[in-house]
Amino acid sequence: MFNQVQRRSARLALAALLLSTALGQAHVGEHPSVHDTVAGIIDRFRKTISLQELIAMDAAKAKSLLTEKELQILATEHITFRVNVPVKVIIIRETAMGDKPFWLKDRGFIPMGFKITLQGTEVDFWMKDFEVGRIGLGVNSLTGGNAHYIAALMPLKKETKLEVTELYPGQLRVGALKDGLQPFIDRPEAMPKLPVLPGVLSGLAVIRTQNESRDDAKLINLFHNTNHPALDKPDQVLLTWSGDPQTTQSIQWRTGPSITKGEVQWVEKSDYNRFQPAQPKRTNATTFKMEDANLLNDPVVHRHTVTLTGLDPGTAYLYSVGDGSDDGWSELAEFTTAPGRTEAFSFMYMGDAQNGLERWGSLVQRAYRQRPDAAFWIMAGDLVDRGNERDDWDSFFHSSRGVYDRRPVVPAIGNHENQGGHPGMYLQMFDLPKNGPEGIEPERAYTFRYSNAEFFVLDTNLTPESQAVWLEKALAASTATWKFAVYHHPAYSSKPERDNPSIRKHWTPLFDKYHLDMALQGHDHAYLRTYPIKDQKKVASTVEGTVYIVSVSGTKYYEQDPREYTEFGMTNTSTFQVLDIQISGNRLVYRSYDTDGKLRDNLIIEK
């Protein structure tokens, strides 16, 4: 629950302080690039500092190694804008940041003397006066992490309306410090109810920042070693779909940089299980170099991708990946194409893995042993914690070995894949359908059909409205009996004080119109199943409404508060879900299991 500023006298004192601080000067000058500056710093560090020192470096040491010019750019050129009247700039940041951002005190910002709690996090306020003209603010920190600060602007001359222009980066937006504020442009969560603020703060203009840019100047904990370096032998073998699941199969894997090509051998299982097995077919892979310069012990690997085509529906195949040499092949694995007609099937769904990937691996192996018949595995975003740092992906693939080379993965993008503002490494890792909305990067949103079900995978890191036209066309065209949406940030939140109204505005009316059966979501790290919902209201049955699920499969948990839409919820529980589509009676049987394989929730939907 939000805390309030408790004493009226403190508010009056604050108001006097706000109106009495002397005006200061904004930085004026050309617009150097923070990104180029940070890239130069990192390059210099790599060339002049030992690996051991790089890994052990703290923020104070890193700051001491920066030039005056570098410090000035990092302190003033992260966010810039112009104002037409003198303003008091108020930085709102997590109290836990301590002496971050490093430039706050150096530039003369002073604390306002009170703290409040927003969405369960204590924040404080720092202020400084600026004259008319260009204002520059600095990076969030040199360490990365913490939510990005936001900046409120208080006009110091009331007779002229404040205008904010030339806002950089260009995707930032100006909002208002009031109920419903969405503090970050790249996060759909809004603050439904702000705590009571001093009157002089209420309604102020706010620079809505980009949360993922919090790591733009990360110099600490930037350099890593992977526990699972690449070898010449193939590993991280992964099945996905980029085409029709009835007739195609995409296969991806990794090798060390000395292996410059890849091949797949494959054969129908029935042709292999004979006294004189059929000769396998061979297909060459597309190979590219993946680089992570901050991965000190394994910076370069090769990744290989093959899409097999012309396969027979409903058929089991054996395959092996390698470089074509006699001893360069992986062990045999198996996949089965989707049926060519309506048949019963099952699939797996999991929420965020993200943290504790070793323990998550135990859950994955348990799920596979318990339900090896599940045809594919859906993951609703936040597969890893650091989506553009390869060592985290190395742990993910190591923990899921023996499963994702036998059952295709159907992933959605979470905010942690979007580390730094773009899911670049995710898009390199997974070969996915390219049938998403025009104007949006391929593979970020897509759809596919399996038997009598269709799946609509969406990206909540992008604006919901940018996918709504495509989503409606796809839903309208679907002839599937069962329809599922897969995305990360939930339309109906589980975590206290979280809300994503833009998803409800742009997507759930389409779910209602075309009767989506289930929305499979993540992000909130506490299990929730809603009542059937239509028009944002509870309805009597699943015939009328959509059921929304939030789940978590990793070891990071949040609290959960009572919501009028919650039919069942639980906390501190990692789960995997199995959905059985039964043809007899057109029935969906949904079950949720914990890490011990114990049934924790279930639901039956009949059409």
Side-chain angles (χ1 to χ4, degrees), residues 18 21-40 68-93 100-104 106-109 125-141 147-178 180-187 200-201 203-217 420-422 439 461-463 465-466 502:
L18 285 167
T21 308
L23 290 175
Q25 294 293 326
H27 167 71
V28 177
E30 296 181 356
H31 202 300
S33 166
V34 167
H35 290 86
D36 289 348
T37 301
V38 172
E68 287 298 319
K69 181 63 174 178
E70 289 167 342
L71 287 168
Q72 185 265 333
I73 291 171
L74 298 183
T76 61
E77 298 295 340
H78 180 55
I79 297 171
T80 63
F81 52 92
R82 287 187 176 273
V83 294
N84 63 328
V85 296
V87 294
K88 188 180 299 294
V89 175
I90 301 169
I91 301 297
I92 306 171
R93 53 137 220 184
K100 298 178 285 189
F102 74 87
W103 47 267
L104 205 58
D106 294 347
R107 293 185 60 191
F109 282 80
F125 298 71
W126 293 69
M127 63 183 181
K128 180 182 177 181
D129 292 352
F130 289 81
E131 288 282 9
V132 173
R134 185 179 188 272
I135 297 175
L137 303 176
V139 298
N140 203 54
S141 73
H148 199 291
Y149 66 81
I150 61 175
L153 306 177
M154 177 188 293
L156 296 178
K157 292 183 178 179
K158 305 299 182 182
E159 60 271 17
T160 303
K161 182 180 179 181
L162 171 65
E163 295 179 1
V164 180
T165 59
E166 299 182 27
L167 183 56
Y168 173 87
Q171 67 267 32
L172 303 189
R173 293 292 181 266
V174 178
L177 196 59
K178 62 181 182 180
L181 171 67
Q182 287 181 267
F184 306 116
I185 60 164
D186 56 339
R187 299 283 290 271
V200 289
L201 294 183
L204 292 183
V206 172
I207 304 296
R208 296 175 55 221
T209 54
Q210 183 176 16
N211 191 54
E212 287 303 327
S213 67
R214 62 187 177 171
D215 290 342
D216 278 3
H422 183 257
N461 298 283
L462 303 171
T463 61
E465 55 265 39
S466 68
S502 61

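Taking all atoms of both residues into account, the shortest heavy-atom contact from Leu201 to Met154 is CD2-CE, 4.3 Å. Minimum heavy-atom separation, Val83 to Val87: CG2-CG2, 4.1 Å. Closest heavy-atom contact between Pro101 and Arg93: CD-CD, 4.3 Å. Here the shortest heavy-atom pairing between Gln182 and Ser502 reads NE2-OG, 4.5 Å. The two residues Phe184 and Ala147 come nearest to each other via the heavy atoms CZ-CB, 4.0 Å. Ala176 approaches Gly203 most closely through the heavy-atom pair CB-O, 4.2 Å.
Residues Ile185 and Leu172 have side chains in contact (heavy-atom distance under 4.5 Å, counting atoms from C-beta outward). Between Lys157 and Pro86 there is a side-chain heavy-atom pair separated by less than 4.5 Å.
The closest donor-acceptor contact from the side chain of Lys128 to the backbone of Arg107 lies under 3.5 Å. A donor-acceptor distance shorter than 3.5 angstrom exists from the side chain of Ser33 to the backbone of His35, with no hydrogens or angles considered. Put simply, the side chain of Arg208 never gets that close to the backbone of Asp186: no donor and acceptor are under 3.5 Å apart. Checking side-chain atoms of Asn140 against main-chain N and O of Tyr149 turns up a donor-acceptor pair under 3.5 Å. Judged purely by atom type and a 3.5 angstrom limit, Thr80 has no side-chain atom pairing as donor or acceptor with the backbone of Glu77. With hydrogens and angles ignored, the 3.5 Å screen pairs no side-chain donor or acceptor of Asp215 with any backbone N or O of Ser141. Between the side chain of Trp103 and the backbone N or O of Val139 there is at least one donor-acceptor pair closer than 3.5 Å. The backbone N or O of Glu163 sits less than 3.5 Å from a side-chain atom of Asn84, completing a donor-acceptor pair.
A side-chain contact (heavy atoms from CB on, under 4.5 Å) with Leu153 is found for one member of Leu162, Val85, Leu204, Ile90 and no other, namely Leu162. None of Val89, Ile91, Ile150, Leu167 except one satisfies the side-chain contact (heavy atoms from CB on, under 4.5 Å) rule with Ile207; the exception is Leu167.
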message = side chain to side chain contact (heavy atoms under 4.5 Å, CB included), that's the test. Do Val174 and Phe81 meet it? Break it down for me.
response = CA-CA 11 Å; Val174 178; Phe81 52 92; over 6 Å; no
query = Val38 and Glu70: side chain to side chain contact (heavy atoms under 4.5 Å, CB included), yes or no, with the steps?
reply = CA-CA 8 Å; Val38 172; Glu70 289 167 342; over 6 Å; no
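With rounding to the nearest 0.5 angstrom, the CD atom of Gln72 is 12.5 Å from the CG atom of Asp106.
Checked by atom type, the side-chain pair His148/His78 shows a donor-acceptor distance below 3.5 Å.
The aromatic rings of Phe109 and Phe130 lie tilted to each other, with the angle between the two planes from 30° to 60°.
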